[in-house]
Amino acid sequence: MSDTRGRLLGDLRISVTDRCNFRCTYCMPKEVFGKGYQYLPQSELLSFDEITRMARLFVAHGVTKIRLTGGEPLLRKNLEVLVEMLAALKTPNDKPLDIALTTNATLLPKKVKALKAAGLNRITVSLDSLDEVTFRAMNDVNFPVADVLKGIDAAHDAGFSAIKINMVVKKGVNDQDVVAMARHFKGSGHIVRFIEFMDVGSSNGWRMKDVISSAEIVRMVNADMPLVEAKSNYSGEVAKRWNYADGSGEIGVISSVTQAFCSTCTRTRLSTDGKLFTCLFAQSGHDLRALMRSGKSDTQITRAIGLIWNQREDRYSQLRTEETTGNKKVEMSYIGG
């Protein structure tokens, strides 16, 4: 199934909660997501049965990868039960799905063994600095670096390999920590991915002058630890890969601001309350929960999904200007990264 630009549907990202125990300044700033912020009531969240039903219908349309996101997904109780339900699904040619999780790792030591046993395949951890002062300021809840590193170690000990570490880089905030992050994980088997600061949502005060380009990030790392450009693992991979010249691992850079990859985007997103968003920078979604809860059949919902994707023409990152950033966009904590 392809959209108006010939892009095939392959990846489904499911937000399981709009809550988070961090208040990262580029995602859920306290000024907006403070004590009085109204989160979705439990009754509006998709149940595990509803999520699994939706996933099954997307798999029939070609999805082979599912990523669980949030908010912080491990705040959703019994998430391992959902993982087990999703792991039981198969593609039309009877292959298992690739099931991944993005987390801030704070709850991994308690949950990771159960997640692994349930069928989780991959883990990505968000970590924006190894410097204690910088990291505590960015997560804005005074959470220590050491506890995130404990979560990464727990995932490794549970059998997860090639854990990805995502670092959002913002000029004047944590760009001075790029090389230290690369050096720390070099040779560990884990993969650091540096992400350009993006105008996701409408509350993070994004400005183009705050962006450190992926080209500059590669230059910074290469000056200290020589890099060699690597081939993509698969078509549509969002991160551009660079191997260390000495063979001790790799890094990745995600360049949705300076080198947009809209032309190969295969991702769609299901929000916590069941709305389908065909772009991370979308202004509105399509209410699939309403279709489910009004008694529509699998066939009817499958047709609706197909129609939405067939009409998709999103390419926001290719069109981005200082003016478009003022458009009201859905928050990342609601639809996941």
Side-chain angles (χ1 to χ4, degrees), residues 13 15-42 44-45 68-77 79 101-108 124-151 165-178 181 194-212 254 256-257 269 271-273 275 277 280-283 285 322 325-337:
R13 301 192 168 201
S15 176
V16 296
T17 179
D18 61 337
R19 299 170 185 264
C20 188
N21 52 350
F22 280 12
R23 285 296 176 271
C24 295
T25 52
Y26 59 82
C27 181
M28 295 183 73
K30 281 182 177 177
E31 295 78 12
V32 177
F33 299 89
K35 291 183 178 180
Y37 185 79
Q38 295 295 310
Y39 294 97
L40 291 169
Q42 188 69 30
E44 292 191 19
L45 273 60
L68 301 178
T69 67
E72 170 48 49
L74 295 184
L75 290 178
R76 183 75 183 258
K77 291 182 179 179
L79 187 66
L101 171 78
T102 298
T103 175
N104 61 29
T106 58
L107 299 174
L108 273 180
T124 297
V125 173
S126 300
L127 177 60
D128 294 323
S129 178
L130 291 170
D131 178 79
E132 198 65 52
V133 173
T134 302
F135 182 63
R136 288 175 185 256
M138 291 189 73
N139 68 57
D140 210 14
V141 291
N142 209 32
F143 200 89
V145 173
D147 285 1
V148 177
L149 296 178
K150 287 178 184 176
I165 318 296
N166 281 354
M167 177 181 179
V168 174
V169 183
K170 185 175 179 181
K171 183 181 293 185
V173 176
N174 65 337
D175 53 312
Q176 71 280 359
D177 302 327
V178 164
M181 181 73 75
F194 300 100
I195 303 174
E196 293 178 346
F197 175 45
M198 294 182 289
D199 53 319
V200 179
S202 302
S203 62
N204 68 1
W206 185 89
R207 300 175 302 176
M208 185 66 197
K209 65 181 182 180
D210 293 329
V211 177
I212 295 286
I254 298 177
S256 72
V257 177
R269 293 166 170 84
S271 71
T272 313
D273 57 351
K275 291 185 175 63
F277 291 84
L280 179 59
F281 304 96
Q283 294 180 279
E322 291 283 0
T325 61
N327 296 341
K328 182 72 175 177
K329 299 185 290 294
V330 66
E331 298 296 339
M332 183 162 62
S333 57
Y334 172 67
I335 61 169

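- With sequence neighbours excluded, the residues that form a ring pair (Phe, Tyr, Trp, His ring centres under 6.0 Å) with Phe277 are Tyr334.
- The side-chain hydrogen bond (donor to acceptor under 3.5 Å, both in side chains) pairs that include a residue from residues 28-39 are Arg23-Tyr39, where partners are two or more places apart or lie in different chains.
- A search for side-chain contact (heavy atoms from CB on, under 4.5 Å) contacts involving Val173 returns Met138, Lys170, not counting sequence neighbours.
- When side chains are defined from C-beta on, Leu79 counts as touching Leu101, because their heavy atoms get closer than 4.5 Å.
- Remark: side-chain polar atoms of Arg269 are not paired, donor with acceptor, to backbone N or O of Ile335 under 3.5 angstrom.
- Residues satisfying the salt bridge (charged side-chain N to carboxylate O under 4.0 Å, His left out) criterion with Lys150, sequence neighbours excluded, are Asp147.
- Between Cys27 atom SG and Phe22 atom CZ the span is 11.5 Å, to the nearest 0.5 Å.
- The salt bridge (charged side-chain N to carboxylate O under 4.0 Å, His left out) test applied to Asp273 returns Lys275, not counting sequence neighbours.
- Atom-to-atom distance recorded for Glu196:CD and Asp210:CG is 12.5 Å, nearest 0.5 angstrom.
- Considering only residues two or more places apart in sequence or on other chains, Gln176 meets the side-chain contact (heavy atoms from CB on, under 4.5 Å) condition with Thr134.
- Pro73 places none of its side-chain heavy atoms less than 4.5 Å from the side chain of Thr102.
- By the side-chain hydrogen bond (donor to acceptor under 3.5 Å, both in side chains) test, Asp128 pairs with Tyr26, sequence neighbours left out.
- Residues Ile254 and Met198 form no side-chain contact, since every pair of their non-hydrogen atoms from C-beta on lies 4.5 Å or further apart.
- Distance CG/Leu127 to CG/Asn139: 10.0 Å, rounded to 0.5 Å.
- For Glu44, there are no side-chain hydrogen bond (donor to acceptor under 3.5 Å, both in side chains) partners at least two apart in sequence or on another chain.
- With sequence neighbours excluded, the residues that form a side-chain hydrogen bond (donor to acceptor under 3.5 Å, both in side chains) with Thr103 are Glu72.
- Within the model, atoms CZ of Phe197 and OG1 of Thr25 stand 7.5 Å from one another, a figure rounded to the nearest 0.5 Å.
- Contact annotation: the side chain of Asn174 never approaches that of Phe135 to less than 4.5 Å [non-hydrogen atoms, C-beta and beyond].
- Smallest separation of non-hydrogen atoms from Cys20 and Met28: CB-SD, 3.6 Å.
- Within the 4.5 Å cutoff, side-chain heavy atoms of Met208 are placed close to those of Val211.
- Residues Ser15 and Thr272 have side chains that bring a donor and an acceptor to within less than 3.5 angstrom of each other.
- In this structure the side chain of Leu130 never reaches within 4.5 angstrom of the side chain of Asp177, judged on heavy atoms.
- With sequence neighbours left out, Thr106 forms a side-chain hydrogen bond (donor to acceptor under 3.5 Å, both in side chains) with Asn21, Asn104.
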